[in-house]
Amino acid sequence: MPENQGLTFERLPHPAPTDSAQREQALANPGFGSVFSDHMVTIDWEEGKGWHNATLGPRVPLSLDPATAVLHYAQEIFEGLKAYRQADGTVALFRPEANAARFNASARRLAMAELPEETFVESVRLLVEADRDWFPTVEGGSLYLRPFMIASEAFLGVRPSKKFKYIVIASPAGNYFKSGAPAVSIWVSSDYSRAAPGGTGAAKCGGNYAASLVPQAEAIARGHDQVVFLDAEEHKWIEELGGMNLFFVFDDGRIVTPPLTGTILPGITRNSLLTLAREEGLDVHEERYSVEQWRADAASGKLIETFACGTAAVVTPVGKIADRNGEVLIGSGGPGQLTQKFREKLVGIQRGTVEDKHGWITKLS
Ligand SMILES: *Cc1c(COP(=O)(O)O)cnc(C)c1O
């Protein structure tokens with residue numbers, strides 16, 4: 001059970017917020033992940049004391065003892081979600097309670113303290129409200145939120161930390177793809193695995209990403225955009241990309257996504273698309289799909305679309321698969337019809353132009 005329900009946040013004034021001319025310049029073309037807002041939230045946890053020191057204050061560098069556990073044993077988890085400016089000018093979050101629940105699932109796997117879900121959502125809400133001037137002015141822009149937690153105890157012994165620090169920062173993000181979504185090319189990694197049975201594949205932890213950087217760099221070096229990982233036991237079944245889940249669309253109307261076996265990250269975008277597809281009566285299956293079958297179905301034309309999904313890029317068409325045996329185009333190699341339809345529907349719900357039938361939108365004001 002998470003401790004300390006009903007934590008109250010202390011608000012520290014910002015001594016020198018970014019001046020508006022500088023901010024507007026940064027917001028005109030923010031890209032992804034390199035521009036940051038003025039504030040952050042921090043909350044501390046300590047064994048015997050629980051959660052305390054909840055603060056919304058200026059975004060400042062952290063000062064850490066060189067023996068801080070996270071720096072040595074990577075006891076760290078994170079989340080990623082976006083605040084969207086709605087068609088009516090208000091600001092909304094998309095399924096923040098799902099991120100809160102997943103954050104705690106990751107915390108349990110990494111032997112970290114759980115944060116009450118309402119505190120997670122409140123922390124994100126407070127930061128967005130404090131930084132409401134940090135929404136990009138470009139169309140399709142959003143405020144990307146990065147809640148994360150580190151083992152903050154200064155101790156070199158190998159055991160779960162007795163202190164944690166939870167932090168939320170915000171980064172204005174441009175439209176991931178300027179005009180629509182270009183199809184990406186995928187490299188199948190045969191030498192590396194992302195996650196093994198019993199490992200941390202279903203947790204959103206920094207360590208998974210560290211291990212994915214070499215195979216991702218290999219994909220780029222070979223002229224592709226993303227790496228796709230196969231299961232670690234048989235090297236046969238398609239799992240996911242380094243940070244996105246996959247869907248396959250067939251000519252008989254079937255839609256398939258790999259099942260959550262414990263080695264795949266349970267994406268909130270994946271879950272939302274499954275819900276939308278089922279509600280439309282589409283023939284969706286959470287089923288294993290092999291890489292040989294993928295190549296064969298792409299070559300025969302049985303497979304008509306493949307797309308990747310995740311918070312950062314929403315829905316991204318996959319136009320090409322490549323491995324040591326060569327490349328195969330999927331469909332025409334461009335974005336497929338269903339891919340575009342899913343993308344428009346989900347973006348529409350997030351932006352408030354398509355009805356939210358599932359209570360996924362939390363309006364902030
Ligand atoms: C975050 C993440 C996803 C996508 O999850 P969303 O909740 O849809 O953003 C998929 N795979 C991995 C490995 C991830 O870290």
Side-chain angles (χ1 to χ4, degrees), residues 32-33 74 76-84 93-107 109-110 117 120-121 124 142-149 168 171 173 176-177 181 184 186 189 192-196 199-216 219 225-232 237-248 257-277 286 306-316 318 339 342-343 345-347 349-350 358 360-362:
F32 182 81
E76 188 267 357
I77 58 170
F78 67 97
E79 272 301 324
L81 70 164
K82 284 175 171 174
Y84 302 87
L93 297 170
F94 182 72
R95 307 191 67 183
E97 59 295 322
N99 294 95
R102 187 172 66 188
F103 192 66
N104 281 340
S106 300
R109 179 63 185 84
L110 274 285
E117 285 183 21
F120 179 101
V121 175
V124 167
S142 57
L143 189 61
Y144 181 81
L145 299 155
R146 170 53 63 88
F148 64 107
M149 175 161 50
V168 194
S171 176
Y176 215 79
F177 298 114
V184 296
I186 300 289
S189 181
Y192 299 101
S193 300
R194 191 193 80 95
T200 55
K204 216 166 168 74
C205 63
N208 290 344
Y209 275 74
S212 76
L213 299 177
V214 163
Q216 173 63 27
D225 302 294
Q226 291 281 333
V227 61
V228 63
F229 291 101
L230 306 179
D231 77 288
W237 306 104
I238 299 160
E239 296 215 314
E240 61 171 319
L241 308 187
M244 282 188 274
N245 297 114
L246 280 171
F247 280 80
F248 308 95
T257 190
L260 301 178
T261 52
T263 50
I264 295 180
L265 197 288
I268 294 162
T269 317
R270 173 190 181 278
N271 177 273
S272 305
L273 292 174
L274 280 174
T275 304
L276 293 177
E286 292 175 77
T306 300
F307 60 87
C309 65
T311 297
V314 196
V315 173
T316 301
V318 175
T339 302
F342 273 134
R343 180 180 173 82
K345 186 144 187 187
L346 198 54
V347 169
I349 295 171
Q350 291 167 340
H358 303 278
W360 286 343
I361 291 298
T362 297

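Just so you know, ligand 1 is whichever comes first in the structure, and atom 1 is the first atom listed for that ligand.
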Taking all non-hydrogen atoms of both residues, which atom of L110 and which atom of A203 are closest, and how far apart? CD2-CB, 4.0 Å
I need the T306 OG1 to I186 CD1 distance, nearest 0.5 Å. 9.0 Å
May I ask which of R102, K82, R270 has a heavy atom nearer to atom 7 (O) of ligand 1 than the others do? R102
Once rounded to the nearest 0.5 Å, what's the spacing between atom CG of N208 and atom CD1 of I77? 12.0 Å
Approximate separation, where rounding is to 0.5 Å, of F103 CZ and E117 CD: 11.5 Å
G242 near ligand 1, heavy-atom distance under 4.0 Å? yes
Under 4.0 Å from one or more heavy atoms of G267, ligand 1 contributes atoms 5 (O), 6 (P), 7 (O), 8 (O)
Pull out every atom of ligand 1 sitting under 4.0 Å from any heavy atom of E240, numbered as shown with elements. 10 (C), 11 (N), 12 (C), 13 (C)
Identify, by atom number and element, the atoms of ligand 1 in contact range of R194, meaning under 4.0 Å from any of its heavy atoms. 13 (C)
Under 4.0 Å, heavy-atom basis, I'd like to know which part of K204 is in contact with ligand 1: side chain, backbone, both or neither. side chain
Select one of side chain, backbone, both or neither to describe which atoms of L265 lie under 4.0 Å from any atom of ligand 1, heavy atoms only. side chain
Between N245 (side chain only) and G267 (backbone N and O only), is there a donor and an acceptor less than 3.5 Å apart? yes
Note the single closest protein heavy atom to atom 9 (O) of ligand 1, along with its residue, its atom name and the distance in Å. T311 OG1, 2.6 Å
Of all protein heavy atoms, the one nearest atom 8 (O) of ligand 1 is T269 OG1, 2.6 Å
Would you check whether E79 reaches within less than 4.0 Å of ligand 1, judged by its heavy atoms? no
Nearest 0.5 Å, please: how far is CD1 in I361 from CG in L93? 8.5 Å
Test your reading of the structure: does N245 have an N or O sitting under 3.5 Å from an N or O of ligand 1? no
With side chain to side chain donor-acceptor pair (under 3.5 Å) as the test, pick out the partner of S272 among R95, H358, K345, Q350. R95
Taking R102 for its side chain and E79 for its backbone only, find out whether a donor-acceptor pair lies under 3.5 Å. no
Nearest candidate to atom 3 (C) of ligand 1, where distance is taken over non-hydrogen atoms, out of G243, C309, G310: G243
